[in-house]
Amino acid sequence: MNLFKINILKLALIGLLSSAAFTATANNGENTEDININAPIDLERYKYIALVDSRNIRCVGGVTDLRAYGELTYGLNQNLFTRAAYDWGKENYYYPVIDRNNRLNAVCKSSDFTPVSGDINSDLRFKIFIPSGIQSLKVELSGNNGDADLYIKQGTQPLPFLNDCASENIGSNDSCQVNNPTAGTWHILVHGYSKFSDVKLKVKF
């Protein structure tokens, strides 16, 4: 092959590469190489997704505030969205729907917290994820029907005789507060000292 033909092949190859590069950078007028798909979702994008997904079948009813908080804190811990998006979601009850591959599939509005009920000696268990840097964790029970007691513990399931905080007031108005809680999973136990119904469980941090 002579030198002329080699140069022609080189020019053709450069043309193909340039065309491919143009296709990659001209998509929607944006340079895709400058887009970091692993960057956390910012507040404005989170709000936009929430606006779209609030009418989507991926958002179903019956999700409690407690579960919504858990999804929010997990997503923040996984760096899926910014702290500003987390704070807005927590304040306005918009929680992320995260799949098994840690991808954000939707942002949905949580329903009102479903009151809990139980018989004497019944145990209802819940768990939440607390990110690092939280100054205070507060868990509350409120209700006027029966007597439920409250226990919480970090890392493992609490028991009435083994816990990080216990509240055993008469009736179903109990509260546990932990300052500077350890990051990780916190477990909550609502125990029926007597039969109780329509008791609300709230978590604040």
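Hydrogens, waters and symmetry mates are skipped; everything else that's a heavy atom, side chains included, is used. Residue numbers start at 1 and run along the sequence shown.
- Asp87 pairs by the salt bridge (charged side-chain N to carboxylate O under 4.0 Å, His left out) definition with Arg83, not counting sequence neighbours.
- Of all heavy-atom pairs spanning Val190 and Ala148, the tightest one is CG1-CB, 3.9 Å.
- One finds the OG1 atom of Thr156 at 10.0 Å from the CH2 atom of Trp186 (value rounded to the nearest 0.5 Å).
- By the 6.0 Å contact criterion, NZ on Lys90 is enclosed, its count of non-hydrogen atoms from other residues, nucleotides or ligands being greater than 12.
- In this structure, OH in Tyr151 is found 6.0 Å from NE2 in His191, a value given to the nearest 0.5 Å.
- The closest side-chain heavy-atom distance from Arg125 to His187 is not below 4.5 Å.
- For the residue pair Asn102/Tyr74, the side-chain donor-acceptor check at 3.5 Å is satisfied.
- Looking only at distances, no side-chain donor or acceptor of Ser167 sits under 3.5 Å from a matching main-chain atom of Leu150.
- Sorted by first and then second residue, the disulfide bond (SG atoms under 2.5 Å apart) pairs involving residues 158-205 (not counting sequence neighbours) are Cys165-Cys176.
- To the nearest 0.5 Å, atom CG of residue Leu43 and atom CH2 of residue Trp88 are 7.5 Å apart.
- Take Tyr46 and apply the side chain to side chain donor-acceptor pair (under 3.5 Å) test, not counting sequence neighbours, and it matches no residue.
- Counting heavy atoms from C-beta outward, Glu71 and Ile98 have side chains that approach closer than 4.5 Å.
- Residues that satisfy the ring pair (Phe, Tyr, Trp, His ring centres under 6.0 Å) test with Phe196, not counting sequence neighbours, are absent from this structure.
- Of the N and O atoms on the side chains of Asp164 and Gln154, not one donor lies less than 3.5 Å from an acceptor on the other residue.
- In terms of heavy atoms, Asn163 sits closest to Leu159 at ND2-O, 2.9 Å.
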Given side-chain contact (heavy atoms from CB on, under 4.5 Å), test Asp123 with Leu189 step by step and report yes or no.
CA-CA 7 Å; Asp123 289 333; Leu189 169 62; 3.6 Å; yes
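- With contacts defined as side-chain heavy-atom distances shorter than 4.5 Å, the pair Tyr193/Asn121 does not qualify.
- In this structure, the side chain of Thr185 does not engage the main chain of Gly155 through any donor-acceptor pair within 3.5 Å.
- For Ser172 (side chain) and Gly146 (main-chain N/O), a donor-acceptor pair under 3.5 Å exists by modelled atom type.
- In this structure, the separation between CG on Leu104 and CZ on Arg45 is 9.5 Å, given to the nearest 0.5 Å.
- When the side chain to side chain contact (heavy atoms under 4.5 Å, CB included) test is applied to Asp99, the partners found at least two apart in sequence or on another chain are Asn101, Arg103, Asn105.
- A side chain to side chain contact (heavy atoms under 4.5 Å, CB included) with Pro40 holds for exactly one of Leu80, Thr82, Leu76; it is Thr82.
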Walk me through it: do Val203 and Phe126 pass the test side-chain contact (heavy atoms from CB on, under 4.5 Å)?
CA-CA 11 Å; Val203 178; Phe126 309 88; over 6 Å; no
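- Counting heavy atoms from C-beta outward, Tyr94 and Cys108 have side chains that stay 4.5 Å or more apart.
- For the atom pair CG (Asn179) and CG (Leu137), the distance works out to 9.5 Å, reported to the nearest 0.5 Å.
- Remark: Asn145 CG is packed, more than 12 non-hydrogen atoms of other residues, nucleotides or ligands lying under 6.0 Å away.
- Summarising the geometry, atom CD belonging to Glu140 is positioned 9.5 Å from atom CG belonging to Asn173; distances are rounded to the nearest 0.5 Å.
- The salt bridge (charged side-chain N to carboxylate O under 4.0 Å, His left out) contacts involving residues 146-156 comprise nothing, where partners must be two or more places apart or lie in separate chains.
- When all heavy atoms are compared, the tightest approach of Leu72 to Tyr95 is CG-CA, 4.2 Å.
- Side-chain contact between Pro181 and Gln135 is absent, with no heavy atoms from C-beta onward closer than 4.5 Å.
- Contact of the Val139 side chain with the Leu201 side chain is registered, since non-hydrogen atoms from C-beta on lie closer than 4.5 Å.
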